[in-house]
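Here the structure is laid out as structure tokens; the discussion comes afterwards.
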Amino acid sequence: MDVMDVFCPNCLCLCVQEDSPQLQHQHTSPRERRAIRDNIYKNKRCRMETCFDFARCQSGFRVYIYPPQRGDEISETYQKILSSIEESRFHTTDPSRACLFILAVDTLDRDQLSAQFVQNVRLRIQSLPTWNDGRNHLIFNLYSGTWPDYTEDLGFEVGQAMLAKASADVVNFRPHFDISIPLFSKDHPPKGGGIGYLTLNDAPPSRKYLLVFKGKRYLTGIGSETRNALYHIHNGEDIILLTTCKHGKDWEKHKDSRCGRDNEEYSKFDYQELLHNSSFCLVPRGRRLGSFRFLEALQAACIPVILSNGWELPFSEVIDWRKAAIIGDERLLLQVSSITRSVGHDRILALRQQTQFLWDAYFSSVAKIVLTTLEIIQDRVDSHVSRNRLLWNSLPGGLYALPQYSTDPAQFPFYYAILGKLASSINRRGSSNKLNPKCLQMCIVVLWNCDKPLPPRNKWPSTSVPLTVIEGQTKTMSSRFFPHDVILTDAVLSLDEDSVLSTNEVDFAFIVWQNFPERIVGYPARSHYWDSSRSRWGYTSKWTNDYSMVLTGAAFYHRYYHYLFTHYVPANLLTTVDRISNCEDILMNFLVSAVTKQPPIKVTQKKQYKETMMSQGSKASRWADPDHFAQRQTCMNAFSHWLGFMPLVHSQMRLDPVLFRDQVSILRKKYRDIEKL
């Protein structure tokens, strides 16, 4: 029998001991480690029901950041976290309205040997007026403990505060109270974030390597066992597992007989080349349970093979990691190669696609990591409106599926395909008449934002469907996308007061929208471009074969976007739109494209749209305003700055009716009038 077919823990340990030097330090005993743990986690039994004051959250989920005290030194990474909270919709400057409190004291690095270690944290936090033994407080931490044992000692008692902690150990982790976050570097982007690397050309999922790793090998101490044994399954062909002991000041004092050979092999391969050309990436534990390799693998669409026993995976409360990673056992290292080889191509592709979704939805920036943390806590606070796992683990993800709108996935446009639901006019209670088009519920809602008084009821035309007139209280541009309760249908046809459409155009666009309910479907299109001479984004209304926006002056979209626009977009952006009375349609396009990662859909050439409006409009029409175009240029850059990236996607697709402009009898065409427009 081949020795590689059998795993023998004792044999493996003997092999490792042969090439490894003896430990040069004395580890703490299990009893001492328990004493340390018990001292840190005196409130280990804390849960939301016992250590959180829900009464503070009756007015909503608001997050307050303490003002910095004199002498506070905040690292660049912690400042990114604080800025993400300050720019979020949860932030408040009034502590009396706060549901959750965030320290201004930097607690990210609690390694006493680190230059970032902050002294006297215990005294600083206990002097806070609302500390209250940490109740309703959230503490962020990336590094805890120090050489040689790297315990989870933070150097102060967390009390009843929740921990958002990297490298969280399941032994100390308080389920549904603490939150496990990923370990990320100081260079992690504050918002927006780098894109994933999975492309359409990657199907079928064939890559040069099966399994790769390149990183440090610890010769002694905690975390050394697994990395010291990787050479057992490295074959130099499709499994490339490279380690180097050439790190630290005294590495030569501790080097073993393999160091020279390992260092030479290590220098032959480029890490990025390995990362982007392998199906699986090994993520073994380091000194701590978490590793930078985890996020690097996710971004590269390299399926993480996790060897870190006891690690509470990031956001495991809501993320199903079985759909994106292989979770192994450090004690069964020799089985890793056979496990990865047994995964079929279809499964590999599915896993890699999920890595890209998770990376983009929750991990690509500091802001997304922070917002995911806060959203999880908000779900706990408002447990009756919390997201289910489908919302967290399917596109577009939990950050864009607000449970205050609905906890039923069928009420969101993103999950129609998963649930096998036909997009149609469906009322808020979910009773669908999709089998009988004549029974589709319809209504007309007129939003009266004009300064002139509302005409009397007898002046309005008679209609065969309900007509509701809403007189705007604030008369602002953003109010056109307010989620009014009278809107009971999934489909919303948004029209400007001067839009000119035929019934055939409306009917055809609705049929198109039914097939793409998550997108904006409409007529007048616009585009964006990068102006390299000014280093800024530009806006153009030129008629070309390329577009990235469909104006909401004549477009269909799902009513959920009204709710998302009102409750997700920062208040300062809505204020800007209202102040200049412009750009609300651009902002809606930015929002929908950020959610879907797809362009809108243009239907039928409506080239006279703008000219018709300008000819029919008054002198006060915004289309005739010379500042209108300049304002829209400015809006493009303000909105992309908010998101941290440009979400708009270019498209050259236009959907026309069957037989549109074909040289066949007009009697064979359903939408024959559209060709005359």
Side-chain angles (χ1 to χ4, degrees), residues 395-396 400-402 405 411-417 423-426 445 447 477-483 487 489-496 499 501 505-528 539-541 543-569 573-574 577 582-606 609-610 613 632 635-636 639-640 642-643 646-656:
L395 285 168
Y400 287 126
L402 303 185
Y405 170 79
Q411 298 301 316
F412 296 89
F414 326 118
Y415 309 110
Y416 283 8
S424 61
S425 296
I426 299 173
V445 178
L447 181 61
M477 294 300 294
S478 62
S479 64
R480 76 175 295 167
F481 297 132
F482 186 81
I487 303 176
T489 58
D490 285 354
V492 174
L493 171 59
S494 175
L495 296 171
D496 283 347
S499 299
L501 293 174
E505 287 179 290
V506 172
D507 186 65
F508 175 66
F510 177 65
I511 290 176
V512 173
W513 177 85
Q514 284 184 299
N515 290 275
F516 304 95
E518 75 281 5
R519 302 208 221 175
I520 298 176
V521 176
Y523 308 91
R526 299 292 183 265
S527 190
H528 75 288
Y539 170 90
T540 178
S541 58
W543 286 93
T544 67
N545 290 328
D546 188 280
Y547 67 93
S548 57
M549 291 173 279
V550 165
L551 303 186
T552 54
F556 279 97
Y557 51 81
H558 196 280
R559 65 184 172 94
Y560 173 60
Y561 291 126
H562 278 184
Y563 190 90
L564 199 63
F565 186 94
T566 302
H567 295 284
Y568 184 84
V569 175
L573 288 186
L574 298 180
V577 166
N582 198 350
C583 301
E584 83 289 347
D585 50 355
I586 296 178
L587 183 54
M588 178 62 87
N589 273 271
F590 266 70
L591 180 62
V592 175
S593 290
V595 172
T596 64
K597 308 295 185 294
Q598 298 183 91
I601 295 177
K602 177 176 173 55
V603 293
T604 66
Q605 192 69 20
K606 186 68 174 172
Y609 181 83
K610 179 178 178 181
M613 288 194 300
R632 292 170 84 78
C635 289
M636 296 285 292
F639 300 159
S640 61
W642 158 53
L643 290 168
M646 169 52 73
L648 299 179
V649 181
H650 285 284
S651 176
Q652 295 182 338
M653 180 179 74
R654 189 188 79 201
L655 296 185
D656 298 327

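Nearest heavy atoms, L643 versus A594: CD1-CB, 4.1 Å. Taking each heavy atom of S593 and P600 in turn, the nearest pair found is OG-CD, 4.5 Å. Closest approach of P396 and V595 over heavy atoms only: CB-O, 3.3 Å. Shown here for V492 and I487, the closest heavy-atom pair between the two residues is CG2-CG2, 4.0 Å. For E505 against Y523, the heavy-atom pair with the smallest separation is O-OH, 2.5 Å. Nearest heavy atoms, L402 versus Y563: CD1-CE2, 3.9 Å.
Contact check on R480 versus D585 returns no salt bridge, with no Lys/Arg side-chain nitrogen under 4.0 Å from an Asp/Glu carboxylate oxygen.
Summarising the geometry, atom CD belonging to E584 is positioned 9.0 Å from atom CG belonging to L551; distances are rounded to the nearest 0.5 Å. Rounding to the nearest 0.5 Å places CG of L564 at 13.5 Å from CZ of R559. From L493, atom CG reaches atom CG of L501 across 7.0 Å, with rounding to the nearest 0.5 Å. To the nearest 0.5 Å, atom OG1 of residue T596 and atom OH of residue Y400 are 9.5 Å apart. Rounding to the nearest 0.5 Å places CG of D546 at 13.5 Å from CZ of R526.
Centroid-to-centroid, the aromatic rings of F510 and F556 come within less than 6.0 Å.
Classified by interplanar angle (parallel below 30°, tilted 30° to 60°, perpendicular above 60°), the ring pair H558/Y416 is perpendicular.
Checked by atom type and distance alone, the side chain of S494 pairs as donor or acceptor with a backbone atom of T552 at under 3.5 Å. When atom types are taken as modelled, the side chain of S640 and the backbone of M646 share no donor-acceptor pair closer than 3.5 angstrom. Checking side-chain atoms of D490 against main-chain N and O of Q411 turns up no donor-acceptor pair under 3.5 Å. In this structure, the side chain of T566 engages the main chain of F481 through a donor-acceptor pair within 3.5 Å.
Residues satisfying the side-chain contact (heavy atoms from CB on, under 4.5 Å) criterion with D507, sequence neighbours excluded, are I511, K670, Y671. Under the rule for a side-chain hydrogen bond (donor to acceptor under 3.5 Å, both in side chains), the partners of S548 that lie at least two apart in sequence or sit in another chain are H528. Evaluation of the side-chain hydrogen bond (donor to acceptor under 3.5 Å, both in side chains) rule for S651 yields no partner, not counting sequence neighbours. When the side-chain contact (heavy atoms from CB on, under 4.5 Å) test is applied to V649, the partners found at least two apart in sequence or on another chain are P599. Partners of Y547 by side-chain hydrogen bond (donor to acceptor under 3.5 Å, both in side chains), not counting sequence neighbours: none found. Here Y560 pairs with Y405, F412, F414 under the ring-ring contact (aromatic ring centres under 6.0 Å, His included) rule; sequence neighbours left out. In this view, S479 and N449 satisfy the side-chain hydrogen bond (donor to acceptor under 3.5 Å, both in side chains) rule, not counting sequence neighbours.
Residue Y557 is tested with H562, E518, R519 for a side-chain hydrogen bond (donor to acceptor under 3.5 Å, both in side chains); the sole match is H562. Of the candidates I520, V592, I586, M549 forms a side-chain contact (heavy atoms from CB on, under 4.5 Å) with just one, namely I586.
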Using the rule given for side-chain contact (heavy atoms from CB on, under 4.5 Å), can you reason through V550 versus I601, listing the C-alpha separation, both sets of side-chain angles and the distance that settles it, and then say yes or no?
CA-CA 7 Å; V550 165; I601 295 177; over 6 Å; no

Are W642 and L591 close enough, and set up right, to give a side-chain contact (heavy atoms from CB on, under 4.5 Å), and what steps lead you there?
CA-CA 11 Å; W642 158 53; L591 180 62; 4.3 Å; yes

